[in-house]
Protein chains: 2
Amino acid sequence: MKNETFSISEFAKSTGVSVRTLHYYDEKDILKPKRDEYRGHRIYEKEDMIQLHKIMTMKFLGMSLDDIKHHMQPDTFDLSFIDTLRLQESKLIKDREQIDIALEAIQRTVHLLENEKEVDQAVLISLLASMQNERKQEELAKGIIKDDIIKKMFPQTAKVKMLFEQRLLTFYKRVRKHCGKPANHPEVQQMLDDFYRFIMEVTDVNSLKELADIFSLDMGDKENEERINTYIQEIERLVPTPITEEEEAWLQQMIIDYMGPLWDEEEGEN
Amino acid sequence: MKNETFSISEFAKSTGVSVRTLHYYDEKDILKPKRDEYRGHRIYEKEDMIQLHKIMTMKFLGMSLDDIKHHMQPDTFDLSFIDTLRLQESKLIKDREQIDIALEAIQRTVHLLENEKEVDQAVLISLLASMQNERKQEELAKGIIKDDIIKKMFPQTAKVKMLFEQRLLTFYKRVRKHCGKPANHPEVQQMLDDFYRFIMEVTDVNSLKELADIFSLDMGDKENEERINTYIQEIERLVPTPITEEEEAWLQQMIIDYMGPLWDEEEGEN
DNA sequence: CTTGCGCCTGACGTTACGTGAGGTGGTATG
DNA sequence: CATACCACCTCACGTAACGTCAGGCGCAAG
């Protein structure tokens, strides 16, 4: 029946926590050992060891000291402890998902940076911003764009995503490089050709026309117009444009010049 | 060439960050907008929007504001940015591993709590503490115990672990229940029989004897003795005993009484 | 003239401790 | 006996990234 006691430093060493931490737990009424009446020194006993292990265990599960304090009184775990565990579980799962998203974004970014020697900062930011909320973008798009196009717009595997990004990146590079040149410039033509092929991998001409119709907003449906406007605003808020307004205006003009004939051509066929 | 500007609240709304956060970034020299000379109001411009997106992106990757500040000056990402990303990556991977360990522990605990109606707190703490550092325990054991036994002692799949724990749990329950009864009591006998079978699933009689020899410490090898002592201390520090000293003493006596005959019996066979 | 709005600065609260500073009782050494 | 040192005590500030008041200013409407 040995009644072993420890001074605070002994206790700290034998449990592996710091003296300061023990002070803190005492201060916060989480673990209050007996005191030497005269000198005020803390005296830890076996029972405190068990309590401390309980604390460490709950901390390891990711619980806050406030939660822990709440579960320290009863001698057996009650039902509320299961609830707490379940809560912790879902919290941890969420955390892990966030980490997974960030990790994928990092890996994709490193990949891009390694392959392209000089990457424009604005473009990279835009891509990363886009990665941050791919899911949210997909959610938003669901009300506006057809399901089968969405599926192609948001590829599942990281590999395909990386190809996607590589292409966007080189496209923006060329926009920046050629901005200001006339539409009939051969390199501009080449750029637009490539871009068109890229788009066509994701959709087809008819769907594209549909999309253009939707976003041109010239049908009288007020409610729908509202919805589409907020959609565009949301996307703009989530993903910043990687090109300047000047470049954007130029690009828009180029696309109109480029698409015009194609449009009519298709129209003629029908 | 419209030169759009925003007040702080407009800017906050259109980017989705709080006014206080913008104040904070200004204070910390991370994002300092122009000022209205007279009233001192902050004036945000398009350029600030891009900068803020850059900040948000790096934050999303898990970087600290200090790191972010460091990468805010140059207009293109330099090589040090890749290094930072790599660093972040390994940090996130570590975090995720911790989360995985905690999640598995939670799931195993919930499983136990659901199957056993009343779980003793001390036993549960002991199990959870053990889960926290399974890897470390395994590392420690490597210097002392034979590899093939280690493999059986530390099962890989969560399922087997849960079976393991269930058994330990019921065993401790029975120890607590029968403590004090004589060795020839039928229920005690049953308990010891079950325990013996449990042990035999992990090892065999010869290895068990070896283990007993090792831990009895009666060979003169000082150095080895030292190693084994520190091993035992480490394990005791990591995993608290879920039973009282009284129960432990009783159990030890029961085991000696139980093993004695078996020992001799085997000895006689050789 | 008062009220209210949007903005400003300053300051304290948050979590789980780390890191001193300055004071006390008990012991080893000169 | 004086002194140094040790282990302990309490008090208090610092950390990261903001949230949340509190008090004050310029400007517009009632």
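By convention in this document, chain letters (A, B, ...) are assigned in the order of the sequence lines, proteins followed by strands, and residues within each chain are numbered from 1.
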Are the side chains of B:Met72 and B:Leu31 in touch, meaning some heavy atoms are under 4.5 Å apart? no
With a 4.5 Å heavy-atom cut-off, do B:Leu65 and B:Lys28 have their side chains touching? no
Distance in angstrom units between [X] [atom1] and [N] [atom2], rounded:
X	N	atom1	atom2	answer
A:Asp66	C:dG13	CG	P	16 Å
A:Glu27	C:dG18	CD	C1'	13 Å
B:Phe60	D:dA17	CZ	C1'	19 Å
A:Tyr25	C:dT15	OH	P	14 Å
A:Leu22	D:dA7	CG	P	16 Å
B:Arg20	C:dC7	CZ	P	16 Å
A:His23	C:dA16	NE2	C1'	15 Å
A:Asp26	D:dC8	CG	P	14 Å

Considering only D:dC9, C:dG25, C:dC17, which nucleotide approaches the side chain of A:Arg39 most closely? C:dG25
Residue A:Ser7, side-chain atoms from C-beta onward, closest of D:dC8, D:dC9, C:dA16: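 Output: D:dC8.
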Walking DNA chain C from its 5' end, the first of B:His41 and A:Lys28 to be reached, judged by nearest nucleotide, is B:His41
Should we say atom CZ of A:Arg237 is surrounded by more than 12 heavy atoms from elsewhere, each under 6.0 Å from it? yes
Ring centers of B:Tyr44, B:Phe6 separated by less than 6.0 Å: no
State whether [X] places a side-chain N or O below 4.0 Å from either non-bridging phosphate oxygen (OP1 or OP2) of [N].
X	N	value
B:Arg42	C:dT9	yes
A:Tyr24	C:dG18	no
A:Ser18	C:dC17	no
A:Lys59	C:dC17	yes
B:Thr21	D:dA17	no
A:Ser9	D:dC8	yes

Option from B:Gln156, B:His111, B:Glu134 for which side-chain contact (heavy atoms from CB on, under 4.5 Å) with B:Lys161 holds: B:Glu134
